[in-house]
Amino acid sequence: MIVAKEAITDYIPHRAPFVMVDNLVSATREQFESDFTVTSDNVLVQEGFFQETGLIEHIAQTCAASFGYLDREEGGEPKIGFIGAVSKVLVTELPPVGGTIRTVVTPLHQLGNIYLVKGESFLDGRILLGCELKIVVSE
């Protein structure tokens with residue numbers, strides 16, 4: 001683990017109750033990995049399950065934490081990013097309260113400050129959701 005839960009807000013602009021990533025497990029220019037344990041008081045939990053919107057936000061925050069970490073490693077400061085588009089969403093299962101999600105994000109393309117990434121979230125090795133996001137990072 002490269003960024004623990006206690007320090008994650010040093011790398012993302014989000015604050016409670018809207019922090020949707022616990023630990024940044026790894027971050028290279030080729031792949032990001034994070035985890036997140038769903039709690040019953042999460043604002044995106046309904047009827048005991050973390051919703052699709054939460055999974056997509058978790059993938060986006062994984063990107064934010066990873067880009068922030070990589071920027072800091074290169075001597076810069078984390079930048080603000082925005083979801084520009086969500087596509088190719090496939091939901092197979094929603095994680096229950098108490099479940100720990102593991103997410104892998106692969107940057108596919110970059111054009112200036114716009115990144116196309118593929119994100120996949122897993123629970124106990126089963127895929128929950130996969131999608132592509134266009135992330136726009138401030139310059």
Side-chain angles (χ1 to χ4, degrees):
M1 174 180 351
I2 57 175
V3 178
K5 183 175 184 172
E6 300 76 29
I8 202 71
T9 56
D10 293 344
Y11 296 88
I12 63 174
H14 309 81
R15 296 297 177 257
F18 212 73
V19 175
M20 304 292 162
V21 62
D22 286 340
N23 303 295
L24 186 59
V25 176
S26 64
T28 66
R29 290 285 170 197
E30 294 76 36
Q31 185 172 296
F32 315 146
E33 186 174 344
S34 71
D35 64 28
F36 180 66
T37 300
V38 179
T39 58
S40 61
D41 62 346
N42 186 287
V43 296
L44 298 177
V45 166
Q46 291 180 2
E47 298 178 13
F49 291 90
F50 195 49
Q51 298 301 295
E52 294 93 336
T53 53
L55 289 167
I56 293 168
E57 181 62 26
H58 169 65
I59 291 170
Q61 288 189 24
T62 297
C63 292
S66 298
F67 286 135
Y69 175 83
L70 293 170
D71 286 344
R72 196 164 277 167
E73 286 293 297
E74 294 169 1
E77 284 299 313
K79 298 176 181 78
I80 302 293
F82 306 93
I83 299 173
V86 180
S87 61
K88 300 184 181 178
V89 177
L90 177 62
V91 181
T92 56
E93 185 180 342
L94 295 177
V97 167
T100 298
I101 304 162
R102 183 181 64 84
T103 292
V104 177
V105 175
T106 305
L108 301 174
H109 301 289
Q110 178 185 357
L111 181 60
N113 64 329
I114 302 170
Y115 295 83
L116 175 64
V117 301
K118 175 185 174 185
E120 295 178 306
S121 293
F122 301 88
L123 177 68
D124 299 327
R126 301 182 314 274
I127 189 158
L128 302 170
L129 179 141
C131 69
E132 288 185 359
L133 299 177
K134 285 183 185 168
I135 304 287
V136 181
V137 178
S138 64
E139 297 197 11

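Quick note: numbers below take in every heavy atom, side chains included, and nothing from hydrogens, waters or symmetry partners. All values reported here derive from a predicted model rather than from experimental measurement.
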Applying the 4.5 Å side-chain criterion to the ILVMFWY set and letting contacts propagate, would [X] and [Y] be lumped into a single cluster?
X   : Y    : value
V3  : V25  : no
V91 : V104 : no
I8  : F18  : yes
V21 : L44  : yes
V89 : I101 : yes

Salt bridge check, E74 against R29: does any charged N sit closer than 4.0 Å to a carboxylate O?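 The answer is yes: the pair qualifies as a salt bridge.
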Between the side chains of E132 and K118, is the shortest nitrogen-to-carboxylate-oxygen separation below 4.0 Å, so that they form an ion pair?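 Salt bridge absent between K118 and E132.
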Measure from the side-chain N and O atoms of [X] to the backbone N and O of [Y], and report whether any donor-acceptor pair falls under 3.5 Å.
X    : Y    : answer
Q110 : G112 : yes
N113 : V137 : yes
R15  : T9   : yes
Q61  : M20  : yes
T106 : Q31  : no
S138 : I80  : yes

Assess the residue pair Y115 and K134 against the criterion (side chain to side chain contact (heavy atoms under 4.5 Å, CB included)); give the C-alpha distance rounded to whole Å, side-chain angles, the decisive distance to 0.1 Å, and a yes or no. CA-CA 6 Å; Y115 295 83; K134 285 183 185 168; over 6 Å; no
Atom of [X], atom of [Y] and distance for their closest heavy-atom approach:
X    : Y    : value
L55  : S121 : CD2-CB, 4.2 Å
I12  : A64  : CG2-CB, 3.8 Å
G68  : P78  : CA-CB, 3.7 Å
L94  : F49  : O-CD2, 3.4 Å
S40  : V97  : N-CG1, 3.6 Å
L123 : P96  : CD2-CD, 3.7 Å

Counterpart residues, side chain to side chain contact (heavy atoms under 4.5 Å, CB included), relative to I83 (two or more places apart):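 Partners of I83 under the side chain to side chain contact (heavy atoms under 4.5 Å, CB included) test: E57, A60, V86, L133, I135.
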Inter-residue atom distance [X].[atom1] - [Y].[atom2], 0.5 Å rounding:
X   : Y   : atom1 : atom2 : value
S66 : D71 : OG    : CG    : 10.5 Å
E77 : Y11 : CD    : OH    : 9.5 Å
E73 : Y69 : CD    : OH    : 3.5 Å

Over 60° means perpendicular and under 30° means parallel, so classify the ring planes of F67 and F32, tilted if in between.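 Aromatic pair F32/F67 classed perpendicular.
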Got L128 and F122 here, is their nearest side-chain heavy-atom distance under 4.5 Å?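 Sidechains of F122 and L128: no contact.
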Is it true that T103 and H58 share a donor-acceptor pair across their side chains at a distance under 3.5 Å?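 Looking only at side-chain atoms, T103 and H58 do form a donor-acceptor pair, the distance falling under 3.5 Å.
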side-chain contact (heavy atoms from CB on, under 4.5 Å), paired with M1, selected from D22, L24, N23: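 Only one of D22, L24, N23 forms a side-chain contact (heavy atoms from CB on, under 4.5 Å) with M1, namely N23.
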Partner of V117 under side-chain contact (heavy atoms from CB on, under 4.5 Å), chosen from V105, T62, L108: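 One option only clears the test, and that one is V105.
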Evaluate side chain to side chain contact (heavy atoms under 4.5 Å, CB included) for E120 paired with L129, printing each intermediate quantity in order. CA-CA 6 Å; E120 295 178 306; L129 179 141; over 6 Å; no
Mind running side chain to side chain contact (heavy atoms under 4.5 Å, CB included) on C131 and K88 for me, showing each step along the way? CA-CA 5 Å; C131 69; K88 300 184 181 178; 5.8 Å; no
Applying side chain to side chain contact (heavy atoms under 4.5 Å, CB included) to F36 and T100, what does each step give before you reach the verdict? CA-CA 5 Å; F36 180 66; T100 298; over 6 Å; no
